Each structure stands twice: as C-alpha cells, then as structure tokens.
There are 2 protein chains.
Amino acid sequence: MAYTYDHPHPAVTVDIVVFTVKAGRLAAVLIQRAEWPHAGKWALPGGFVDIDESLKRAAFRELREETGLSAAYLEQLGAFGRPDRDPRERVITVVYIALAPADRLELQAGSDAQDARLFYVEELPELAFDHARIIGHAIERVRDRLDTAAIARRLMPKSFTLSELQHACEAVSGTPIDKRNFRKKLAALELVEATGELLQGGAHRPAKLFRIKP
Amino acid sequence: MAYTYDHPHPAVTVDIVVFTVKAGRLAAVLIQRAEWPHAGKWALPGGFVDIDESLKRAAFRELREETGLSAAYLEQLGAFGRPDRDPRERVITVVYIALAPADRLELQAGSDAQDARLFYVEELPELAFDHARIIGHAIERVRDRLDTAAIARRLMPKSFTLSELQHACEAVSGTPIDKRNFRKKLAALELVEATGELLQGGAHRPAKLFRIKP
DNA sequence: GCAAAAGTGTTTGAGGTACACCCATGC
DNA sequence: GCATGGGTGTACCTCAAACACTTTTGC
C-alpha cells in the first residue's frame with residue numbers, strides 16, 4: 001500500500017518520558033534499540049502516530065504497549081523536529097511526560113528483542129537520536145512544575161512513609177529538604193492521612209504508613 | 001511532483017499566537033481566511049513546515065511573512081493534533097507563542113486577499129479550526145508564566161511610562177495591581193531606569209518615561 | 001549499648017498586600 | 001478651579017527557612 005501527497009510530509013511519532021521514583025531517586029524508562037539506526041543504544045519508548053488517532057491517544061497506546069501502564073498521568077512536553085534528528089526520514093516527535101509509581105510499571109525486562117529498564121536520571125546511558133536533549137527538557141519541566149501534592153498523588157504507591165515521600169520530593173527537586181518544615185507543610189496541605197499501619201523491617205523505629213486523602 | 005510513503009503521513013504546520021499589548025489590553029494577531037475551509041473566519045497566522053526546516057525556523061518564517069516581525073520572542077506552546085481538526089487531511093500543528101511590542105508589528109491590514117488585524121483577547125471573532133481552543137491555552141500559558149520583567153522586555157516599546165507598564169501587566173494577568181506595590185517591586189527589581197524625558201499630552205501631570213536597564 | 005531512621009516546635013526574615021493623599025497639567 | 005492621571009510610605013500578615021533533641025527498633 002502506498003500513500004501519495006503533492007508535497008513532502010514528515011513522519012510524526014510520539015515519545016514518552018516515563019518518570020518514576022525508585023529507591024528515593026528519580027528514574028526514567030528506556031528501551032534498548034535492536035535495529036538501525038542507533039542499534040544497541042537506549043531510547044525513549046514511543047512510536048508512530050496512527051493517521052486516525054489523537055496525539056494523546058497515541059501516547060497512551062505506546063505507554064501501555066511498552067510499560068503495561070493503562071492509566072497514568074500524561075502531559076505533553078512539546079514537539080521536537082530538527083530536520084536531521086532521524087537519518088531515515090524527516091520525523092517530528094511529540095513528547096509526553098508520564099508519571100507513575102514504580103510498583104505499577106510492568107517492564108518486559110530482557111524478554112527478547114528489546115530490553116526495557118529503569119535508569120536513574122543521573123546515570124543515563126548513551127541515548128539514541130536527540131533523546132538526551134529531550135530527557136533534559138523533561139527533567140527541567142518536572143523539576144520546576146511538580147509540587148508535593150503532585151508527587152504524592154502520581155509517583156507514590158498506595159501507602160508510603162513520610163520519609164519516602166520526602167525522598168521522592170528531594171529526588172524530583174534535586175535539593176535536600178528540611179524534615180520538620182516538610183512535615184509542617186504536609187500537615188497544612190491536608191493531603192495525606194495515616195493508615196494506622198506501621199512499616200516494620202528496618203533496624204530502627206517503625207514508620208507510620210500514610211495514604212492520599214480522598 | 002509527488003511524494004510517496006508506505007504508511008500514511010500527516011501534514012505538519014506551525015501556527016503562531018502573536019501577543020501584544022495595545023491600549024493597555026492584551027491582543028493577538030489574526031488573519032482572515034480567504035479560502036475553504038472556514039473561508040471568512042479568522043485564524044492564527046501559520047503555514048506548512050518545509051521538509052528541511054526546523055519547527056522554530058518555520059515559525060520565524062511564518063511570523064516574518066505575516067507580521068513583518070524579524071526578531072521576536074518565540075516559545076513553543078505545544079502540538080495539537082486531533083484527527084478531525086482540519087477537513088482537508090490529517091494536520092498536526094505545532095503552536096508557538098510570540099511576544100512583541102505593538103509598535104513593531106507591521107500587519108498587511110486590508111491589503112487584498114487576506115486581512116490581518118489585532119483583536120483584544122476578550123473580543124475574539126469566530127475562529128477557524130480549533131484555533132479558539134489553541135488561543136485559550138496560549139492565554140493561560142501567558143497568564144501564569146509571564147512576569148513583570150518578561151512583559152517589560154518583550155511587550156513594551158523602547159520607552160514607556162510606569163503606568164503603561166502596569167496596565168500591560170494587568171492586561172496579561174487579568175487582575176488589577178496596586179500602584180504603590182507595583183512601583184516598589186519595580187524598584188527592587190532594578191529593571192528599568194528613567195530616560196529623563198517626560199510624556200506630555202494628557203490633560204494631567206506629565207509622566208516620566210522609562211527604558212529597560214541594559 | 002549502639003547504630004539508624006522516626007518523630008516533633010519555635011524563631012526569624014523576606015516578601016506580598018492593604019491602604020490615602022498631594023502634585024502637575026489641560027481645559 | 002476642576003478633572004485627570006502621576007507620584008509617594010507605612011503597617012501587617014503569611015510563608016519559607018534555619019535549627020536539635022528524644023523515641024523506637026534490630027543487632
């Protein structure tokens with residue numbers, strides 16, 4: 001089947017920067033490319049936009065196909081379209097940022113053709129295309145727009161300790177936060193409530209578990 | 001000349017929301033369409049992205065062609081790509097926001113085929129395509145990201161009175177500002193300096209003129 | 001008992017907001 | 001002289017930042 005136009009058309013893809021917090025650090029999902037171009041390098045999950053599909057719908061579809069996430073927060077970062085960013089043809093990509101708790105990701109790790117993994121954002125491997133630049137913009141966006149409430153709602157699992165939430169906030173902002181000020185602000189936000197459970201297991205005093213208030 | 005692909009490709013355009021401040025109100029440039037679809041309705045300036053041209057370069061080119069602006073602040077708002085937004089074919093548009101002082105715009109007003117005009121954003125005419133939605137997003141973006149310094153640098157002419165600057169800030173934010181607080185903050189910002197000139201002409205005390213500090 | 005993280009209040013400074021009157025000009 | 005916008009200072013309140021010790025557990 002061939003499709004013909006009277007002036008040249010670029011291809012359009014969506015790519016998704018899937019952020020999560022793992023071990024108190026900000027991390028993103030990357031997929032190892034199996035084919036030319038950039039075979040062996042890591043890249044953002046993504047793919048072509050179907051001709052009858054909205055951009056956001058395409059992003060959701062790719063997100064589901066590559067991470068198993070069926071419902072996640074998704075926001076558009078923007079379009080990237082330098083003429084030479086893909087050696088195959090002119091490709092304009094629309095990038096979305098997804099946020100999800102690490103325990104909801106289902107990566108097809110090391111299954112076969114392509115490997116999907118989480119990488120801490122300070123330890124990214126060599127990236128295909130202009131994806132390093134794209135992730136840079138995504139990190140910048142997340143750093144200065146995600147506040148405590150958004151982090152609690154979108155990056156934390158169902159229940160968590162206040163220290164875990166604080167570490168997530170520190171991972172996103174990239175700066176240390178004072179424990180008492182953090183808890184004072186949380187109390188004022190009326191954002192979380194204690195579940196009544198305790199998290200046992202550390203060689204230290206057990207921490208109360210919290211959840212998002214409805 | 002025909003261009004053939006083995007899967008369908010959308011067309012990609014750039015559209016530009018050119019904001020300025022006129023008579024103390026926020027205004028945007030619109031162009032009246034001469035042809036189907038939406039003949040007679042008003043639309044954002046824009047056009048197709050050339051196959052070898054970056055998105056930003058395309059936006060600058062269209063901006064120059066349709067408003068005479070050769071250097072303006074330009075930032076990407078995002079991509080809009082619902083499948084049915086253009087009845088001719090699938091068109092994905094990447095939207096940029098431009099900011100310029102009103103005295104630098106050179107609109108080809110009423111010349112012939114297409115008419116270009118400024119409209120106050122609270123008095124927009126019926127718009128073509130999904131441009132009403134796009135302008136809505138652009139206004140939202142500008143409202144919560146443009147601060148006093150950006151307004152002074154990007155929307156004001158070479159010299160201006162403090163009241164003019166204040167009115168511009170009020171037009172952008174959509175809320176009234178206290179005069180003394182505004183001037184106190186301006187002083188703290190060390191953003192502007194008096195030119196020494198006065199603006200005569202009103203039936204009242206003449207105002208000092210200011211310029212951006214280098 | 002010691003290492004390791006949990007939990008808990010007060011003080012200070014900066015910045016934002018509210019608010020009212022006199023001044024210089026054109027008519 | 002009056003209408004019109006230009007120009008000026010103080011008091012209060014809110015919010016962010018700095019800062020140290022006790023508690024509970026595992027080993």
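This structure is a prediction, so every number in the text was calculated from the model and none was measured. What's counted below: heavy atoms across the whole structure, side chains too, no hydrogens, waters or symmetry copies. Letters A, B, ... mirror the listed sequences (proteins, then strands); counts begin at 1.
Distance L186(B) CG to dG7(D) C1': 13 Å, rounded to the nearest Å. Taking atom CD of Q200(A) as the reference point, atom C1' of dA4(C) lies 15 Å away to the nearest angstrom. In this structure, L199(B) atom CG and dG6(D) atom P are separated by 9 Å, rounded to whole Å. Rounded to whole angstrom, the span from the CZ atom of F182(B) across to the C1' atom of dG7(D) amounts to 14 Å.
In this structure R90(A) satisfies the salt bridge (Lys or Arg N to Asp or Glu O under 4.0 Å) test with no other residue, sequence neighbours excluded. Residues passing the ring-ring contact (aromatic ring centres under 6.0 Å, His included) test with F119(A), sequence neighbours excluded: W42(A). Judged as a ring-ring contact (aromatic ring centres under 6.0 Å, His included), and not counting sequence neighbours, the contacts of F48(A) are H7(B). For E62(A), there are no salt bridge (Lys or Arg N to Asp or Glu O under 4.0 Å) partners at least two apart in sequence or on another chain. Checked against salt bridge (Lys or Arg N to Asp or Glu O under 4.0 Å), E106(A) has no partners two or more places apart in sequence or in another chain.
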Between protein and nucleic acid, restricted to nucleotides 18-23 of chain D and to nitrogen or oxygen atoms under 3.5 Å apart, what atom pairs and distances do you find?
| unit_1 | atom_1 | unit_2 | atom_2 | d |
| --- | --- | --- | --- | --- |
| dA18(D) | N7 | N181(A) | ND2 | 3.0 |
| dA18(D) | N6 | N181(A) | OD1 | 2.8 |
| dC19(D) | N3 | R180(A) | NH2 | 3.3 |
| dC19(D) | N4 | D178(A) | OD2 | 3.0 |
| dA20(D) | N1 | R180(A) | NH1 | 3.4 |
| dT23(D) | O2 | R205(A) | NH1 | 3.3 |

Would you tabulate the side-chain donor-acceptor contacts of residues 193-210 of chain A under 3.5 Å, counting partners in other chains and residues two or more places apart, or write 'none'?
| unit_1 | atom_1 | unit_2 | atom_2 | d |
| --- | --- | --- | --- | --- |
| E193(A) | OE2 | R211(A) | NH1 | 3.0 |
| T195(A) | OG1 | E197(A) | N | 3.1 |
| T195(A) | OG1 | L209(A) | O | 3.3 |

In a table with atom names and distances, give each donor-acceptor pair under 3.5 Å that connects a side chain of residues 126-133 of chain A to protein atoms at least two apart or in another chain.
| unit_1 | atom_1 | unit_2 | atom_2 | d |
| --- | --- | --- | --- | --- |
| D130(A) | OD1 | R85(A) | NE | 3.2 |
| D130(A) | OD1 | R85(A) | NH2 | 3.0 |
| D130(A) | OD2 | R85(A) | NE | 2.7 |
| H131(A) | ND1 | L44(A) | N | 3.0 |

Let me check something: any side-chain donor-acceptor pairs from residues 76-83 of chain B under 3.5 Å, sequence neighbours excluded? List them with distances.
| unit_1 | atom_1 | unit_2 | atom_2 | d |
| --- | --- | --- | --- | --- |
| Q76(B) | OE1 | A79(A) | N | 2.6 |
| Q76(B) | NE2 | A79(A) | O | 2.9 |
| Q76(B) | NE2 | Y96(B) | OH | 3.4 |

Show me the donor-acceptor pairs, under 3.5 Å and distance only, between side chains in residues 19-31 of chain A and residues at least two apart or in other chains.
| unit_1 | atom_1 | unit_2 | atom_2 | d |
| --- | --- | --- | --- | --- |
| T20(A) | OG1 | A100(A) | O | 2.6 |
| T20(A) | OG1 | A102(A) | N | 2.8 |
| R25(A) | NE | E122(A) | OE1 | 3.4 |
| R25(A) | NH2 | E122(A) | OE1 | 2.8 |
| R25(A) | NH2 | E123(A) | OE2 | 2.8 |

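Summary of the strand contacts: L198(A) and K185(A) both lie near DNA chain D, and taking for each the nucleotide with the nearest heavy atom, the more 5' one is attributed to K185(A). Each of K208(A) and G201(B) lies near DNA chain C, and the nucleotide nearest K208(A) is the one positioned closer to the 5' end.
End-to-end axis angle of the helix from dG1(C)-dC27(D) to dC27(C)-dG1(D), from C1' rotation axes over five pairs per end: 0° (rounded to 10 degrees).
For DNA chain C, the residues of residues 147-168 of chain A within the heavy-atom distance limit of 4.0 Å (strictly under) are S163(A), sorted by number.
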- [ ] Show your working on side-chain hydrogen bond (donor to acceptor under 3.5 Å, both in side chains) between S163(B) and T161(B) and close with a plain yes or no.
- [x] CA-CA 5 Å; S163(B) 290; T161(B) 69; 4.9 Å; no

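Residue R57(A) qualifies as open at atom CZ: its count of foreign heavy atoms under 6.0 Å is 12 or below.
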